[in-house]
> 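Below you'll find the structure I mean.
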Amino acid sequence: MTNYISFNAASNKYPSRRSVVYGKNGMVCTSQTLAAQAGLDILKKGGNAVDAAIATAISLTVLEPPSNGIGSDLFALVWYKGKLYGLNGSGPAPLKLTRELVLAKLRKEGNAKDDYAESGEISDLSASSMPDHGWETVTIPGAPASWKVLHERFGNADFASLFAAAVRYAEEGFPLQPICSKLWKKNVPKVAPLKNEKMYQPMLETFFNNKKLEPGNIVKLPEMGKTLRRLAESGCDSFYTGDIAREIIRFANATGGYLTEADLQNYKPEWVEPIMLNYRGYDVCEIPPNGHGLVVLMTLNILRQLSFGAKEDPETVHKQLEAMKIGFTDGKMYIADPRYMKADVAYFLSEEYGKKRSAEIAAEAHLPRPVDLNCGGTVYLCTADREGNMVSLIQSHFNNFGSKLSVPGTGILLNNRGKNFSLDSEHDNCLAPGKKPYHTIIPGFLLKDGEPVGPFGVMGAFMQPQGQVQVVNNLIDFGLNPQEALDAPRWQWTGGETVEVEASFDKEIVEDLRRRGHDIKVMEDFTSFGRGQMIVRQPDGVYAAATEPRTDGVVAAW
């Protein structure tokens, strides 16, 4: 009889130390060890950074279902042969879905709000009454189409080969990693009330019923494996025009959904020009709206007007917090599908905006109002190859398990991005057919003097801009190495005067911030403070990379 050592894999009694990882021929950084290895295998077989990113992203749909899936959306920044490209793989609302339909349903259920005034909650866009899940929250999934167009433009490996690892993990099973286990189990009580509703049964059957969710337990998702095989064979076309599309529409028609064949057939990801801001000599690059990467740049625009002391100086943290509150306040007021935005992105990147808003930061905490224009937030991964190509990619269905709708027999979880629409008819982000919602996923990229420094990102809905700002400050203002920049204790503004900080945050800083009027909550649970990765290219072509202890991540180097 074999004896086994029993231990608690989720315990973190003695936090481990991580070092920066160096590699010469290629790197893959992400939140799941097995996904990173899938990407590295592609690099070793002659694929480039884009091929590796796609293989990693596909594997993550299997290995981290709470955060992303085949029905997710995707944003990417790609440095390829001397140029930075942006891809917006988010989807619009179905053409049949209207504000009036949603309000009628909410009134029938007794959940409609009559007052759409600003609530002060950053996760509550213009006091939107959009549901948390269900068909009203589903937008057209963009991930499969994005994998295809990324490969068509930049890839050199066989496209079908990029699915092989994910299919194997789904069909043969994979061991559940500790943080993913924690996230998955946290959703068990959240989905329990859905057990009596027919349309949620496929999600419960595939992802919860009879699933053992402790770290190290083997999870099999054979339905996903079958679907991924079909996507590989069709070049992902079957999702939008073939047999998979028909299954999605059949499910929608049977359960009160709004998706139509035309919605899927007409979908295409958008190539976009990245927006950027020079912050103390470095260009910080983001995807333009409808994503809220602009919030990062607005906040840095304010901060670059200010001087910092040491990282541990309470006044430094206070300035960061106040700038972040202003950036988020303006972002949630004005960011929307660019076809509907009244505001000019260029204004938010101007010195005029930075100076105006930085002048409003005082010694005490305050709750800003949106700027008057008439006066002037997942899985993240990054890759690199020996040719110098690099990818910053983020893929998500927003809340854990998205809309809680899974297409029967396919393992396809549909996103709930539509939750971020406003129902205020006067708001730029108000729900409309064919319109894209305010979007939280934001890959980042750094340049210096037109040359690539590297990709970075911090996943986690409305934590993403806050995490990115802190990581950029850690690197550029405080001189921390990539691993230190990710490991450093974090704060997050959650609305009003409330700021949450991790338990490891300096206690003297916490007390000083409280005296300044910040309502500080010290949090033991670190899972809401983001999960980031980063690759930094060195002058000699060597890559330095890091992933953080808030995730199950690894840096796979070659």
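We use all heavy atoms of the structure for the numbers below, so side chains are in, but hydrogens, waters and symmetry mates are not.
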> Regarding Y258 and E136, is there a side-chain donor-to-acceptor distance under 3.5 Å anywhere?
yes
> At what distance, to the nearest 0.5 angstrom, does CG of L106 lie from CE of M130?
8.0 Å
> Do the side chains of V458 and V471 get nearer than 4.5 Å, heavy atoms only?
yes
> So does E322 pair up with K325, basic N to acidic O under 4.0 Å?
yes
> Tell me the closest heavy-atom pair linking I394 and V379, and the distance in Å.
CG1-O, 3.1 Å
> As a quick check of understanding, evaluate salt bridge (charged side-chain N to carboxylate O under 4.0 Å, His left out) for K186 and D525, giving each step before the final call.
CA-CA 12 Å; K186 282 175 70 173; D525 186 353; 3.2 Å; yes
> Do the ring planes of F207 and W184 sit parallel (below 30°), tilted (30 to 60°) or perpendicular (above 60°)?
tilted
> Would you compute the distance between atom OG1 of T206 and atom CZ of F401 and round it to the nearest 0.5 angstrom?
10.5 Å
> What heavy-atom pair brings P289 and M341 nearest, and what distance separates the two atoms?
CB-SD, 3.5 Å
> So, S72 and R417: side-chain donor and acceptor under 3.5 Å apart, yes or no?
no
> Under a 4.0 Å threshold between the charged nitrogen and the carboxylate oxygen, would K226 count as salt-bridged to E171?
no
> Do N290 and N88 meet the criterion of a side-chain donor-acceptor pair at a distance under 3.5 Å?
yes
> Is E214 salt-bridged to K185, cutoff N-O under 4.0 Å?
yes
> Does a side chain donor of either D424 or S422 reach within less than 3.5 Å of an acceptor in the other side chain?
no
> Using the ring of each side chain (for Trp, its six-membered ring), is W271 parallel, tilted or perpendicular to F154, with breaks at 30° and 60°?
perpendicular
> Is R490 paired with E548 through a side-chain N to carboxylate O contact shorter than 4.0 Å?
yes
> With the side chain counted from C-beta on, respond yes when E197 and Y200 share a heavy-atom pair under 4.5 Å apart, and no when they do not.
yes
> Mind checking whether F348 and Y334 have parallel, tilted or perpendicular rings, split at 30° and 60°?
tilted
> Going by an N to O cut-off under 4.0 Å, is there a salt bridge joining D428 and K342?
yes
> What heavy-atom pair brings F445 and F456 nearest, and what distance separates the two atoms?
N-CE2, 3.4 Å
> So, N415 and T139: side-chain donor and acceptor under 3.5 Å apart, yes or no?
yes
> For a quick test of reading the model, state the closest non-hydrogen atom pair linking I326 to R357 and the distance between them.
CG2-NE, 3.1 Å
> Side chains of I442 and P465: closer than 4.5 Å at any heavy-atom pair?
yes
> H439 and F75: aromatic ring centres closer than 6.0 Å?
yes
> Does K148 count as lying over the ring of F159, i.e. NZ or CZ under 6.0 Å from the six-ring centre, within 45 degrees of the axis?
no
> Between K105 and E100, is there a side-chain N and carboxylate O pair less than 4.0 Å apart?
no
> Ignoring hydrogens, what is the shortest heavy-atom contact between L405 and G134? Give both atom names and the distance.
CD1-C, 3.7 Å
> Applying salt bridge (charged side-chain N to carboxylate O under 4.0 Å, His left out), run through E64 and R531 and close with a yes or a no.
CA-CA 13 Å; E64 198 165 324; R531 299 180 294 149; 2.6 Å; yes
> Just by distance, no angles: are the side chains of W135 and S403 close enough, under 3.5 Å, to form a donor-acceptor pair?
no
> Find the distance between CZ (R339) and NZ (K436) and round it off to the nearest 0.5 Å.
7.5 Å
> If the plane angle is over 60° it's perpendicular, under 30° parallel, otherwise tilted; pick one for Y347 and Y353.
perpendicular
> So, Y380 versus T551: side-chain donor-acceptor pair below 3.5 Å or not?
no
